[in-house]
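Scroll down for the structure; my scribbles are underneath it.
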Amino acid sequence: MSEWLDMTACQMKAAMAAGRTSSRELVAASLARIERLDGRIGAFLSTRGEQALAEAEAIDRRRASGEPLGPLAGVPVAVKDNLCTADGLATTCASRMLENFRAPYSAHVVERIVAADGVIVGKCNLDEFAMGSSTENSSSGPTRNPWSLDCVPGGSSGGSAAAVAARMVPLALGSDTGGSIRQPASHCGIVGLKPTYGRVSRYGLVAFASSLDQIGPMARTAEDAALLLGVIAGHDARDATSVAEAPPDYAAAMDAVDVSRLRIGMPREYFGEGLDAEVDQLVREAIRTFAEAGAEIVEVDLPHAPYAVAAYYLVATAEASSNLARYDGVHYGRRASEHAGLVDMYSRSRAEGFGDEVKRRIMLGTYALSSGYYDAYYLKALKVRRLIKRDFDRALEQVDCLMGPICPTAAFRFGEKTEDPLQMYLSDIYTISANLATIPGLSVPCGRTSAGLPVGLQMLGDVFSEGLLLGAARWLERARGGEGGDALGRPAILDEEGVA
Ligand code: GLN
C-alpha cells in the first residue's frame with residue numbers, strides 16, 4: 001500500500017518495529033511509486049528492483065529472528081548518481097563520459113547506509129558532474145519538479161530532491177559544492193542539510209571541487225535528516241579531510257535547542273536587490289515565528305557577500321579543471337572509437353564525453369590556473385574566500401545562527417536560465433558562501449508562493465552546529481503545524497487519479 005510512503009523514515013521504522021509493515025512492503029511500495037511516476041518526473045537514473053527487494057527480505061528475516069537492526073532498519077533510501085556503488089549499478093554523474101562506468105568500490109556513505117540496514121533502491125539524476133542549479137545539465141534529460149512539472153527541481157541534486165518530494169523514498173543523499181543540496185531542497189519543499197566540511201567522508205564521491213564538496217541528507221523532516229546524518233557522519237581514514245572528532249548524538253543535540261534563548265542573525269546582504277518579493281516575505285515570516293517564541297533577532301553584516309559568486313566560480317572551476325583531467329579515455333571514462341593518435345584520442349574522447357557546462361567550467365578553471373593569470377584570479381579568489389570566512393566568524397560571535405533565503409526566487413521554468421549562464425550562477429548567491437567558509441547550512445520549507453511553489457528558509461551556523469540547525473528546523477516545522485514538507489500539503493501529482 002502506498003500510503004506507507006506518506007510516512008517519514010522515523011514513522012516507517014516505528015511501524016516496522018511494531019510489526020505493522022515490513023521492509024519488503026516499503027521497498028516494494030517505493031519501487032512501485034517510482035515505476036508509476038518517474039516517467040513524468042525523471043528523478044532516477046537507475047533502480048535496483050530485485051536486489052533491493054532481496055535485501056529488504058533479508059532484513060525482515062533478521063528482525064523476525066530477534067537480531068538487532070541498524071538505525072535505518074529496512075527504510076528505502078536513494079543516492080545521487082555521483083556516489084560510487086559497487087553493486088552492479090553504473091555511477092554515471094549524468095555524463096556521457098561515465099555512461100558505462102561501474103565503480104569497483106562503494107562510497108563511504110553508501111557503505112554506512114548498508115551497514116545501518118538501509119535499503120538503496122536507486123540512484124538519482126543530477127546536473128552533469130554536479131555542475132548546475134537546475135538539473136537541466138544532465139545527459140539523461142532533466143528532472144521535473146513534483147510541485148509543477150513545468151519547473152526545474154533545482155540542482156544539482158534535483159533527482160534526490162524530487163524523489164523525496166514525490167514520496168518515492170523518505171530519504172536521499174545529495175552533494176553540495178555551492179548549494180546543490182539546499183537549493184533543490186528549497187525548490188522541492190523538503191529539508192536538505194550541507195554538513196560542515198569534513199563531517200562526512202567524501203571517499204567515493206566523484207570529485208567536482210574537492211575543497212567545497214560535501215555529502216548530506218535530504219528528507220521530508222528535520223528529524224529524518226538527522227537520522228541519516230547520524231548514519232553517514234564520522235571519521236574515515238580514506239578521506240584526508242575527514243575530521244577525527246566523533247559526531248554528537250543528533251537527536252539529543254536537537255532536543256537541547258531552546259528557541260526562546262536563540263540569537264538569530266539576519267544578514268543585511270541577503271535581503272537586498274534581486275530577492276523576489278514573495279520569497280522575501282515568506283522568509284521574514286518564518287524568522288518572525290522564532291521572534292514570537294522569544295528568540296532575539298539582530299541584523300548582521302557579511303560585507304564580502306557580494307564577491308562570493310565571483311570567488312566561488314574561480315575556486316570551483318579551478319578545482320574542477322584539475323579533477324576532471326583524469327577523464328582522458330585512458331585512466332577513466334569514455335574513449336572515442338575513431339581517432340588519429342594519442343592526443344587526438346584525448347581530445348575527441350573529452351569532446352564527446354563532456355556536455356557544454358562541464359566544458360565551460362574546464363575552460364574557465366584552466367584559464368584561472370594558467371601561469372599568467374594564477375595570481376590575478378585563482379590566488380585572489382582564495383584571498384576573498386578567507387575574507388568571507390572571516391565575515392561569518394565575526395557574525396557568529398554575535399549570534400547562534402544566521403537565517404535568510406536559499407535562492408532569490410522559487411523554482412523557475414525549464415530553459416529560463418540555460419541561455420545565460422551568468423543568470424544561473426547568480427541564483428547561487430546565498431548558498432555558495434557556506435561552502436567557501438566550510439560551515440553547515442540547512443534548508444527547511446517555510447511556505448509556498450502564490451503560484452504554489454515551495455520556498456525554503458536557510459539556516460547557517462558555526463562549524464559542527466548541525467544539531468542546532470536541525471533542532472531549530474524541527475521547531476519551525478512544528479510551529480508551522482506540520483512536519484517538514486507536510487505543512488506545505490502534497491504535490492498535486494500524488495493526488496491524481498491512480499497515483500495514490
Ligand atoms: N550551482 C553551483 C554550481 O553550479 C553549485 C553546484 C553544487 O553544489 N554541486 O557550481
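Numbering of ligands and ligand atoms starts at 1, following listing order.
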Results of salt bridge (Lys or Arg N to Asp or Glu O under 4.0 Å) for Arg413 - residues two or more places apart only: Asp150

Tell me, which residues have any heavy atom less than 4.0 Å from some atom of ligand 1? Ala130, Met131, Gly132, Ser133, Ser156, Asp176, Thr177, Gly178, Gly179, Ser180, Phe208, Tyr312, Tyr313, Arg361, Asp428

Can you establish whether the number of heavy atoms outside Lys389 located under 6.0 Å from its atom NZ is more than 12? yes

Only one of Leu460, Leu193, Leu468 clears side chain to side chain contact (heavy atoms under 4.5 Å, CB included) with Leu442; which? Leu193

Please check if atom OH in Tyr313 has more than 12 non-hydrogen atoms from other residues, nucleotides or ligands closer than 6.0 Å. yes

In chain order, what residues pass the side-chain contact (heavy atoms from CB on, under 4.5 Å) check against Thr196, with sequence neighbours excluded? Arg199, Pro440, Val463, Phe464, Glu466

Pairs flagged by side-chain hydrogen bond (donor to acceptor under 3.5 Å, both in side chains) wherever residues 315-334 is involved - sequence neighbours left out: Glu99-Arg334, Ser210-Asn323, Ser211-Glu319, Asn323-Arg326, Asp328-His331, Arg334-Glu352

